[in-house]
Protein chains: 2
Amino acid sequence: MSLPDDPRRTLAEDLRLRIADEIVQGTLVPGAALDETELAHRFEVSRTPVREAIRQLAASGLIDTKPHRGAVVARPTEAEIAGMFEAMADLEALCAARAAERMTGSERRALEAVQEELRALVHLGDPHQFLEADERLHDAIHAGAHNDYLADLTRATRARLQPFRHAPAREVGRLAASHGEHERVVVAIVRGDRDGAAAAMRDHVLIVRDDYGVYVAALPAAERPAPAP
Amino acid sequence: MSLPDDPRRTLAEDLRLRIADEIVQGTLVPGAALDETELAHRFEVSRTPVREAIRQLAASGLIDTKPHRGAVVARPTEAEIAGMFEAMADLEALCAARAAERMTGSERRALEAVQEELRALVHLGDPHQFLEADERLHDAIHAGAHNDYLADLTRATRARLQPFRHAPAREVGRLAASHGEHERVVVAIVRGDRDGAAAAMRDHVLIVRDDYGVYVAALPAAERPAPAP
DNA sequence: TGCGGCCGCCTTGCATACAAGCGCCCGGAC
DNA sequence: GTCCGGGCGCTTGTATGCAAGGCGGCCGCA
C-alpha cells in the first residue's frame, strides 16, 4: 500500500503531501495528534523525514506544534475560522477581478467549459464529482488572474479551510445553488466585468461561509471548533 | 556571540528566526547558497536543526530548495516580484479598509501618534529610524483590521519583499514623500473612510513598487533579479 | 479521603553515522 | 580542439542512538 511511489521525490516531500491530503480530506480531523513514531511506522520510514514534513506543514498553518508537546491538526477557534473565511472571500474576489481583466480568450472558453461540466453534474447529484469540478473552476480563475503569488495565497487559504467546508457542501440543495452563484461569476469574468466578478465571487464565498455557520450551529457542542484559544 | 539566547525555545526555531533575519536584513542576499554544514558550524549546532529551519523557511517562501541540490535565498524573477508587489498593494489596501471600519478609538489615536513620530523623523533624516517607525505604522494598520489571518498574510508578504525594498527606500527624498502618502492613509482611516483608506494605501504601495523599478533599472545587469526563471 | 509533590515513562529534540544522488573534472575518442 | 562518458568528491537525504523535557500516575501526608 505505501510503496515509495516516486523515487524522484524525497520521502519528506512525499510525506508532506500525503499528510496534507489526509488533513484536507478529513481522514485526520482537527485536533488529532500527530505522533512522529506512529506516522513513521505507518509510512514505513524513520522519524527524520516525518519530522521535516511536520515542520513544513506547521509553517503552512495546517498543523499546530508546541515545543516538546508534539503536533496536532490545526483546530482554529470560531473567530479564526471566520477571519479566514473573510480573507478567502477577499482573495477570491481579487482573483476574479484580475481574471476578468486579464484572462485570454482560450482561458475564458476553458472556464465556460468547466461551468458546463458543473451544470451537468448538478443533475447527476454526485457531490464528490461536483466538488472536484468546482475545485477546477476556482483553480482556473486563480490561474486566470495571472499572478502566481496571489493564486498561491488563495489556494493555500482554500486548503486551510477545506476541513471546515467538507460536510456542509454535501447537502444536495447546495449543489444547484452553488452552480447558480458560479454562473454570475463566470458570466462577469467572461464579459470582462471586473467589479461584477469580484462582487459575485465575494457573495459566493460568503454564502459558503454562512452555510458552514448553520452547519456548525447544528452540531453537538463537543464537535464544534473551540470557542476560545 | 552565538550563545543559546533563550533556553525555552528549541534550536530549530531559534535558527529559523536568525536565518530569516539575515535574509530580510540583507546579510544573506538573494541567490546566496545556504550550506547546511556551514550553517551548522557557524551556529555551533548539528545539521538536524539547521535542516528543520531551512524546511520551514522554504515553506514560507523566503528560500528555494531543490532535492539533492541544496537551498538558496529566494531569487524571484522580475515578473514574480511585480506580482508580489501587486498582491501586497491589494493586501495592504484590504487591511487599511478594514482598519477604517473596525479600529477602536484608542487604536486610532495610537495610529496618529506613530504618524506624528514619523513626521519628526522626516526632519531628522535618519532612514533607519524612519523605516523602523514606518514598519510600526503598517503593523498598527494590520492589527487594526482585526483579522489575524489577513494580517499574517500581509506581514508575510512584506517580509518576502523586504530584501527588494531596502536600498531604494534609503533615498532621502523618499522619506518626505512616503510621509505624505501615509498622511492620506492615516487621515482616511481615522475618519472611517473605508474606500479612501484602501485607495490611499494602494497608491502608497504602488509608488514604493515603482521606486523599486527605477532603482533596479539603474543597476548593473548582473545585480538585477533574474529576468527568466 | 483529598491534595500535593515526586518519580518514571513516553515523547520530542538533537547529534551522529551511513547511504545515495548530482556535478565536476579528467581522459579518451572523433 | 571539442564533445561525450565515467569516476570521484562533496552535498544532501535518511536512519538510528542518546538526552532532556513534559505529563500522568502513585504514594505519602494532612
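By convention in this document, chain letters (A, B, ...) are assigned in the order of the sequence lines, proteins followed by strands, and residues within each chain are numbered from 1. Reckoned from all heavy atoms, side chains included, excluding hydrogens, waters and symmetry mates.
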* Asked: Which one, D:dG13, D:dT14, D:dC23, comes nearest to the side chain of A:P49?
  -> D:dT14

* Calculate the interatomic distance between A:L34 atom CG and C:dT11 atom P; express it in whole Å. => 14 Å

* Send over the distance from B:R51 CZ to C:dT16 C1', rounded to a whole Å. => 14 Å

* To do: With sequence neighbours excluded, tell me which residues meet salt bridge (Lys or Arg N to Asp or Glu O under 4.0 Å) with B:E101.
  => B:R98, B:R194

* May I ask you to verify if any side-chain N or O of B:R47 is less than 4.0 angstrom from the OP1 or OP2 atom of C:dA15? => no

* 5'-most by nearest nucleotide on DNA chain D - B:G70 or A:S46 -> B:G70

* Partner set under side-chain contact (heavy atoms from CB on, under 4.5 Å) for B:A143, not counting sequence neighbours -> B:R155

* Structure fact -> Closest to the side chain of A:L11, out of C:dG21, D:dA15, D:dG22, is D:dA15

* To the nearest angstrom, how far is B:L39 atom CG from D:dT12 atom C1'? -> 13 Å

* Asked: So how far off straight is the helix from C:dT1-D:dA30 to C:dC30-D:dG1, going by the axes through five pairs at either end, to 10°?
  -> 10°

* To do: Rounded off to whole Å, could you give me the CZ-to-P distance for the A:R69 and D:dG22 pair?
  => 9 Å

* Set of residues satisfying side-chain contact (heavy atoms from CB on, under 4.5 Å) with respect to A:A82, sequence neighbours excluded -> none

* Asked: Taking the six-membered ring for Trp, are B:H204 and B:H182 parallel (under 30°), tilted (30 to 60°) or perpendicular (over 60°)?
  -> perpendicular

* Structure fact -> With sequence neighbours left out, the residues meeting salt bridge (Lys or Arg N to Asp or Glu O under 4.0 Å) with B:E117 are B:R136

* Residues B:R42 and B:E22 bridged, charged N to O under 4.0 Å -> yes

* So which pairs with a foot in residues 141-150 of chain B pass side chain to side chain donor-acceptor pair (under 3.5 Å), sequence neighbours left out? -> A:E86-B:N147, A:T157-B:Y149, B:E92-B:H142, B:E107-B:H146

* To do: Scan residues 52-63 of chain B against DNA chain D and write down, sorted by residue number, each residue with any heavy atom closer than 4.0 Å; if none is found, say none.
  => B:R55

* In chain order, what residues pass the salt bridge (Lys or Arg N to Asp or Glu O under 4.0 Å) check against A:R51, with sequence neighbours excluded? -> A:E36, B:E52

* When the distance from CD of A:E36 to P of C:dT12 is rounded to whole Å, what number comes out? -> 4 Å

* Could a donor-acceptor pair under 3.5 angstrom be found where the side chain of B:T48 meets the base of C:dT16? -> yes

* By salt bridge (Lys or Arg N to Asp or Glu O under 4.0 Å), which residues pair with B:D64, not counting sequence neighbours? -> none

* Does anything in residues 83-111 of chain B pair up under ring-ring contact (aromatic ring centres under 6.0 Å, His included), and if so which pairs, sequence neighbours excluded? -> B:F85-B:Y212

* Asked: For A:H41 and C:dT11, what is the distance between atoms NE2 and P respectively, to the nearest whole Å?
  -> 11 Å

Report all interatomic pairs (protein N or O, nucleotide N or O of nucleotides 7-9 of chain D) with separations under 3.5 Å.
none

* Structure fact -> Assign each of A:V45 and B:D35 the nucleotide of DNA chain D bearing its closest heavy atom; nearer the 5' end lies the nucleotide of B:D35

* Given atom CD of B:E44 and atom P of C:dA15, what is their separation to the nearest angstrom? -> 11 Å

* Asked: Any side-chain heavy-atom pair from A:S60 and A:R16 closer than 4.5 angstrom?
  -> no

* Quiz item: B:R9 side-chain donor-acceptor pair to C:dG13 base, under 3.5 Å -> no

* Asked: Rounded to the Å, how far apart are B:H68 NE2 and C:dC22 P?
  -> 6 Å

* Asked: Who pairs with A:F130 by ring-ring contact (aromatic ring centres under 6.0 Å, His included), at least two apart in sequence or on another chain?
  -> none

